[in-house]
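So the structure is just underneath, and the comments pick up after that.
Residue numbering restarts at 1 for every chain, and letters A, B, ... go by the order of the sequence lines.
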Amino acid sequence: MTFLLDGFDTDPGDAGLPGAASHTPAVDEALLAGLNPQQREAVLHRGPALLIVAGAGSGKTSVLTRRIASLIQTREAWPSQILAITFTNKAAAEMRERVQQLVGGAADGMWISTFHSACVRILRRQAEAMGLKTAFTIYDAADSRALLKRIIKELEVDTLGLTVPSVAGKISKLKNELGDVDSYARGVNADDPADVAFLEVFRRYTDGLRRANALDFDDLIAETVHLFRAFPEVAALYQRRFRHVLVDEYQDTNHAQYALIRELTRPILPQHVPADTRTRVDATGGIPGASLTVVGDSDQSIYAFRGADIRNIVEFERDFPETRVILLEQNYRSTQNILDAANAVIANNFDRQEKKLFTTVGAGEKITGFTGYTAYDEAQFVADEIQALHEAGAAYKDMAVFVRVNSQTRALEDILIRSAIPYRIAGGTKFYERAEIKDAMAYLIQVANPADDLALRRIMNTPKRGIGPATEAALQAHADRIGTPLRETLRDAGQLGLGPKVTKAILDLGVILDEVEAMVPTSPPAEVLTELLVRTGYVEALRATRDPQDEVRAENVEELLSFTKEFTKRNPDGRLIDFLTEVALVAAADDIDDASGTVTLMTLHTAKGLEYDTVFLTGIEEELLPHRISAGEVGGIAEERRLFYVGITRAKKRLYLSLAMTRSQFGDTAVALPSRFLQEVPPELIDWRQSPGALELRATNLSGRRRDASADGRPGRRDGARRPTFSYSTSLPPGPSAAREKREWTSAVTNTVRDNGDLTLASGDRIRHADFGEGRVVAVTGQAPKAVAEVQFDTAGRKRLLIKIAPIEKL
DNA sequence: TGATTTAATCGCACG
DNA sequence: GATTAAATCA
């Protein structure tokens with residue numbers, strides 16, 4: 001290893017060689033306008049390795065884009081020699097756009113993409129070397145789970161504690177560590193039946209992927225690393241091409257990604273340098289490694305659960321000698337109050353590099369705290385505040401509501417709908433995860449990659465053709481016998497002794513797939529999809545059912561069709577496989593559309609990298625943030641704290657911290673405790689509208705049915721002393737007493753929903769609301785069924801209500 | 001045999 | 001609450 005690192009030694013005579021020189025380039029001052037000294041240096045430093053420790057909101061995107069622009073402007077690098085890696089496609093698109101603004105069309109030849117997209121590009125070009133066809137398909141998490149489910153069922157190993165999620169997680173972890181079946185087999189514990197069984201599942205899963213000509217998400221990275229290691233001359237191709245590698249969000253890289261970066265920036269040995277190279281060689285006849293720039297913040301590392309290794313950034317200096325480290329601590333996003341809260345919270349994580357964010361914009365408003373009785377109560381507070389801010393001139397699009405888990409959005413959605421506040425959910429149930437979209441995609445995948453059995457099984461009986469489980473099993477048995485993909489067996493249906501009706505259905509499907517497959521090479525994706533949908537009668541079948549939801553589903557499929565058309569507009573030469581790749585790689589954070597005039601709901605994870613004027617951080621409760629599952633994992637609490645930190649630092653002007661005293665989960669209602677993290681925020685920074693203590697007191701007086709934490713049999717852990725002293729855990733008793741108690745809280749909001757039909761209200765009407773009591777209608781806007789009434793309640797203040805569904809009656 | 005209805009189970013974040 | 005297995009219907 002050492003001899004390779006020697007290649008990083010710089011030769012002073014090589015000033016013109018990209019990536020090897022250490023000097024200050026002559027960069028246009030305009031490119032540096034508005035940068036502070038540290039940012040400036042981060043743009044201008046030249047050398048083999050640069051680590052930019054960028055605190056939240058410190059302008060790192062600006063630094064990265066200008067650094068890229070400076071390389072191009074000074075002619076130190078061609079655009080094609082630059083590889084910039086971001087965390088999401090959205091971040092990549094944004095970076096490309098900002099670089100474009102700085103250098104114009106020169107940005108076109110650069111690779112600015114996610115790890116996964118970059119690897120797919122490399123793998124498609126070099127797929128033959130890996131024994132794959134270039135049209136390999138990409139299995140998303142759901143596809144992988146479907147395959148695992150079949151295997152686990154087949155082997156009947158679920159009794160050994162091998163569940164689909166546990167096995168999927170373990171395989172993913174192994175692949176992130178660049179492990180494979182063989183390496184696992186060497187270390188397997190032969191005395192442990194569960195371990196042996198896991199190995200068999202892993203082996204069959206790997207075989208299944210290979211036979212289906214498919215790669216899962218983790219393979220995309222790992223296989224690229226394996227490719228580079230197995231074929232140094234292939235690696236040399238990319239090492240020679242990319243002279244500048246830049247990686248954003250480096251704290252969230254896993255081992256495989258780290259290895260990939262290592263391979264890409266490795267010096268090229270003389271024997272792998274082609275004779276006709278135009279890149280300058282060093283004294284030994286080799287080519288020095290590419291210049292590497294990484295940007296990250298270990299305080300924002302929130303993906304350890306999926307294999308991100310914080311050591312990658314902590315030990316960067318050791319891994320890459322001659323690293324220059326630059327700290328960016330000045331924050332250009334938030335007020336000092338928000339930063340003080342963030343600094344105070346993150347200071348509770350020991351073992352971190354000291355870093356304190358500061359700003360020059362002033363203290364700003366205090367943080368607002370609120371404790372609701374229930375999640376609905378909390379949601380009502382959020383909705384009321386959003387409405388008040390909106391009326392004061394704030395745009396909906398500048399506000400965001402963060403949740404720890406997706407299930408929290410339900411109460412928020414209910415209330416936002418009732419309050420007639422426009423909102424959207426980033427991530428959530430993603431478009432491409434809907435059943436009808438997966439169906440349509442499976443058709444496309446089948447004709448692009450006929451080896452993909454998983455896709456074929458999905459569509460074999462969708463729409464209904466009378467091909468049931470028994471028939472499928474017969475086809476599968478035949479496929480196993482003759483050793484071909486399932487698809488091949490469709491043609492042989494006549495030989496299997498099936499009923500005439502079923503046989504015809506199978507043959508017909510086979511003919512459709514074959515004929516559509518033949519048009520793939522010459523037709524754009526939209527035509528292929530249309531042909532499939534029409535000939536299989538998929539949309540028609542949806543429209544024919546009684547289920548009103550199916551109408552929406554049919555529309556979704558048509559939206560997918562328009563996506564394919566859009567795709568072709570963007571990429572006139574785009575093939576079907578390119579479209580499928582793009583879809584496979586879209587992520588939750590990618591579909592956040594800033595332009596729309598709506599409040600955005602999202603998880604804290606999705607929020608990373610974003611910023612909003614106003615941020616509502618909801619559900620700041622024990623068991624939720626920190627999430628209960630994190631308690632059992634090493635460093636789990638610290639990671640949850642970073643998640644809280646990430647949430648706080650998204651806010652530019654206003655931050656709200658809210659929680660509920662009770663939270664309903666899985667049907668029953670449980671008492672929730674204020675999060676320990678709340679106590680880490682300096683009390684003088686929070687202005688409580690309703691503090692946890694105030695409600696706690698009342699709850700005590702009223703219920704008197706508390707049990708101590710020890711009663712539920714969970715021994716106190718190391719961090720037990722830090723838990724709030726009023727620790728208890730019990731279910732709220734249902735029945736009349738609970739209902740009566742609820743009425744004691746004037747702001748208690750229930751989840752009552754009603755269909756008022758075509759009830760019409762006019763200004764001046766008196767109404768009674770199930771939660772807010774009586775009030776007078778002040779104004780009515782909009783058309784039924786979306787008409788909104790503005791009501792001045794006698795005790796609950798002014799609210800906006802969607803008339804059709806509000807629990808109200810006219811008096 | 002396949003389609004439809006009913007009961008039972010299980011829940012974290014994501015490219 | 002959504003998904004999935006068992007039970008019943010055609």
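- Nearest to the side-chain atoms of A:Lys153 among the listed nucleotides C:dA5, B:dA3, B:dA13 stands C:dA5.
- The distance between atom CD1 of A:Ile171 and atom P of B:dC14, rounded to the nearest whole Å, is 21 Å.
- By the stacking rule of 5.5 Å between ring centres and under 30° between planes, A:His627 stacks on the base of B:dC12.
- Using modelled atom types and a 3.5 Å distance limit, the side chains of A:Gln300 and A:Tyr645 yield no donor-acceptor pair.
- Each of A:Lys464 and A:Ala141 was matched to the nucleotide of DNA chain B holding its nearest heavy atom; the match closer to the 5' end belongs to A:Lys464.
- Nearest-nucleotide assignment on DNA chain B puts the 5′-proximal partner with A:Gly466, out of A:Glu639 and A:Gly466.
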Salt bridge (Lys or Arg N to Asp or Glu O under 4.0 Å) assessment of A:Glu621 paired with A:Arg404: CA-CA 10 Å; A:Glu621 299 147 26; A:Arg404 174 65 242 265; over 6 Å; no
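- Atom P of nucleotide B:dG15 and atom CG of A:Leu580 are separated by 19 Å, given to the nearest angstrom.
- Taking atom CD of A:Glu472 as the reference point, atom P of B:dA3 lies 12 Å away to the nearest angstrom.
- Among the protein residues, A:Tyr303 comes within range of the sugar-phosphate backbone only, with heavy atoms under 4.0 Å from sugar or phosphate atoms but none that close to a base.
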Full working for ring-ring contact (aromatic ring centres under 6.0 Å, His included) between A:His116 and A:Phe87: CA-CA 9 Å; A:His116 294 87; A:Phe87 200 63; 9.0 Å; no
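- OP1 or OP2 of B:dC12 has not a single side-chain nitrogen or oxygen of A:Asn406 nearer than 4.0 Å.
- Checked against B:dC12, B:dG15, B:dG2, the side chain of A:Ile629 finds its nearest nucleotide in B:dC12.
- Distance from the side chain of A:Lys149 is smallest for C:dA5 among the nucleotides C:dA5, B:dA3, B:dG15.
- If you measure from atom CG of A:Leu624 to atom C1' of B:dC12, you get 10 Å, rounded to the nearest angstrom.
- Regarding A:Lys173, its NZ atom lies at a distance of 17 Å from the P atom of B:dG15, rounded to whole Å.
- Rounded to an integer number of Å, the gap from CD1 of A:Ile302 to P of B:dC12 is 17 Å.
- An aromatic stacking contact between A:Phe115 and the base of B:dG15 is absent, as defined here by ring centres under 5.5 Å apart and ring planes under 30° from parallel.
- Counting any heavy atom pair closer than 4.0 Å across all strands shown, A:Thr471 reaches sugar-phosphate atoms only and no base atom.
- Distance, A:Ile506 CD1 to B:dT1 P: 14 Å, rounded to whole Å.
- A:Asp309 and A:Tyr258 share no side-chain donor-acceptor pair at under 3.5 Å.
- Within the 4.0 angstrom heavy-atom criterion, no nucleotide atom of any strand lies near A:Asn89.
- Between the base of B:dC12 and the side chain of A:Arg628 there is no donor-acceptor pair shorter than 3.5 Å.
- Look at A:Thr606 and you'll find a side-chain N or O under 4.0 angstrom from OP1 or OP2 of B:dC14.
- Note: CG (A:Leu123) to C1' (B:dG15) measures 15 Å, nearest angstrom.
- The shortest distance between the side-chain N/O atoms of A:Asn176 and the OP1/OP2 oxygens of B:dG15 is not below 4.0 Å.
- A sub-4.0 Å separation between OP1 or OP2 of B:dC14 and a side-chain N or O of A:Thr603 is present.
- Among the nucleotides B:dA3, B:dC12, B:dC14, the one closest to the side chain of A:Arg404 is B:dC12.
- Taking OG of A:Ser298 as the start and CD1 of A:Ile313 as the end, the distance is 5.5 Å to the nearest 0.5 Å.
- Screening residues 622-644 of chain A for ring-ring contact (aromatic ring centres under 6.0 Å, His included) gives A:Phe644-A:Phe677 as the qualifying pairs, with residues at least two apart or on separate chains.
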